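It should be emphasised that the depicted structure is a prediction, and the values quoted were computed from it without experimental measurement. When reading the values below, keep in mind they use all heavy atoms of this one structure, side chains included, and skip hydrogens, waters and symmetry mates. Index from 1, following the sequence.
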Amino acid sequence: QVQLVESGGGLVQPGGSLRLSCAGSGSTFSAMGWYRQPPGKHRGLVATIDSGGSPTYHDSVKGRFTISIDNAKNTVYLQMNNVTPEDTAVYYCHAVRNFPRRFDYWGQGTQVTVSS
C-alpha cells in the first residue's frame with residue numbers, strides 16, 4: 001500500500017525558516033511535490049520535482065523555497081525560508097506513479113502557521 005507521511009509543520013515567525021519532509025512508501029514515483037491550501041482558498045501548487053531532480057515552483061515562492069528529493073528514500077523536502085503570513089496553509093505532499101497507469105497520491109496534510 002502506498003503512503004505519504006508529512007512532517008515538519010508548525011508555528012514559525014515571519015522571516016523565519018521551516019523544512020517540511022514527506023516520506024513515501026509502497027511504490028516508486030516519477031515525481032513528488034507540495035501543494036497548499038490557505039484558509040478560504042483552493043489548493044494550489046507550491047513546487048514539484050521529478051526523479052531526475054528538475055524542479056518547478058509557483059511564482060509566489062520562487063527565491064524563498066527550495067524543493068529537493070532523495071530518490072533512495074522516496075522522500076521529498078521543502079525548505080521554506082523568509083516565510084510570510086501569506087504562507088500560512090495546510091501543506092499537502094503529492095506523488096505520481098505512472099505504471100501500470102497514472103495515479104496520484106496525497107498525504108494527509110500538515111499545518112504551517114506563520115505568525116508573530
Asker: Any cation-pi pair here, Arg97 with Tyr105, using under 6.0 Å and within 45°?
Answerer: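 So Arg97 doesn't make the cation-pi contact.
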Asker: Apply side-chain contact (heavy atoms from CB on, under 4.5 Å) to residues Tyr57 and Thr66 and explain how you reach the verdict.
Answerer: CA-CA 9 Å; Tyr57 297 97; Thr66 302; 3.8 Å; yes
Asker: Find out whether Leu11 and Ser115 are in side-chain contact, i.e. whether some heavy atom of one side chain is under 4.5 Å from a heavy atom of the other.
Answerer: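 Answer yes - side chains close enough.
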Asker: Would you check, one step at a time, whether the test side-chain contact (heavy atoms from CB on, under 4.5 Å) holds for Met80 with Val112?
Answerer: CA-CA 10 Å; Met80 306 168 60; Val112 172; 4.0 Å; yes
Asker: Can you tell me if Thr75 uses its side chain to pair, donor with acceptor, with the backbone of Lys73 under 3.5 Å?
Answerer: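 The answer is yes, because a donor-acceptor pair under 3.5 Å joins these two groups.
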Asker: Are Phe103 and Val2 connected in a single hydrophobic cluster, I mean Ile/Leu/Val/Met/Phe/Trp/Tyr linked by side-chain heavy atoms less than 4.5 Å apart?
Answerer: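 Yes: a chain of side-chain contacts under 4.5 Å links Val2 to Phe103.
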Asker: What I want to check is whether the side chains of Asn71 and Ser51 have a donor and an acceptor closer together than 3.5 Å.
Answerer: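 No, no side-chain donor-acceptor contact under 3.5 Å.
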Asker: Between Asn98 and Arg102, is there a donor-acceptor pair closer than 3.5 Å when you use the side chain of the first and the backbone of the second?
Answerer: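 Looks like no, no N/O pair under 3.5 Å.
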Asker: Within a strict 4.5 Å, meaning less than it, do heavy atoms of the Tyr92 and Gln108 side chains meet?
Answerer: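 The answer is no; the side chains never approach within 4.5 Å.
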Asker: For the CG atom of Asn74 and the CE atom of Met32, what is their distance to the nearest 0.5 Å?
Answerer: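 Nearest 0.5 Å value for the CG-CE distance: 6.0 Å.
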Asker: For Val90 and Thr110: C-alpha separation, side-chain torsions, deciding distance, then whether side-chain contact (heavy atoms from CB on, under 4.5 Å) applies.
Answerer: CA-CA 5 Å; Val90 178; Thr110 184; over 6 Å; no
Asker: Show your working on side-chain contact (heavy atoms from CB on, under 4.5 Å) between Phe65 and Asn81 and close with a plain yes or no.
Answerer: CA-CA 6 Å; Phe65 293 5; Asn81 295 329; 5.8 Å; no
Asker: In the structure I gave you, are the side-chain heavy atoms of Ser30 and Val96 within less than 4.5 Å of one another anywhere?
Answerer: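 Sidechains of Val96 and Ser30: in contact.
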Asker: Only counting residues at least two apart or in another chain, list the ones meeting ring pair (Phe, Tyr, Trp, His ring centres under 6.0 Å) with Tyr35.
Answerer: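 Partners of Tyr35 by the ring pair (Phe, Tyr, Trp, His ring centres under 6.0 Å) criterion, ordered by chain and then number, come out as His94, Trp106.
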Asker: Taking Gly109's backbone N and O only, do any of them form a donor-acceptor pair with Glu6's side chain (distance below 3.5 Å, no angle check)?
Answerer: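 Answer holds: yes.
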Asker: Please round to the nearest 0.5 Å and tell me the distance separating atom CD of Gln3 and atom OG of Ser25.
Answerer: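 Spacing of CD (Gln3) from OG (Ser25) equals 4.5 Å.
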Asker: Any salt bridge between Asp87 and Arg36, counting N to O under 4.0 Å?
Answerer: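 Salt bridge between Asp87 and Arg36, a charged N being under 4.0 Å from a carboxylate O: yes.
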Asker: Quick check: do Tyr91 and Leu18 have side-chain heavy atoms less than 4.5 Å from each other?
Answerer: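 SC-SC contact between Tyr91 and Leu18 ruled out.
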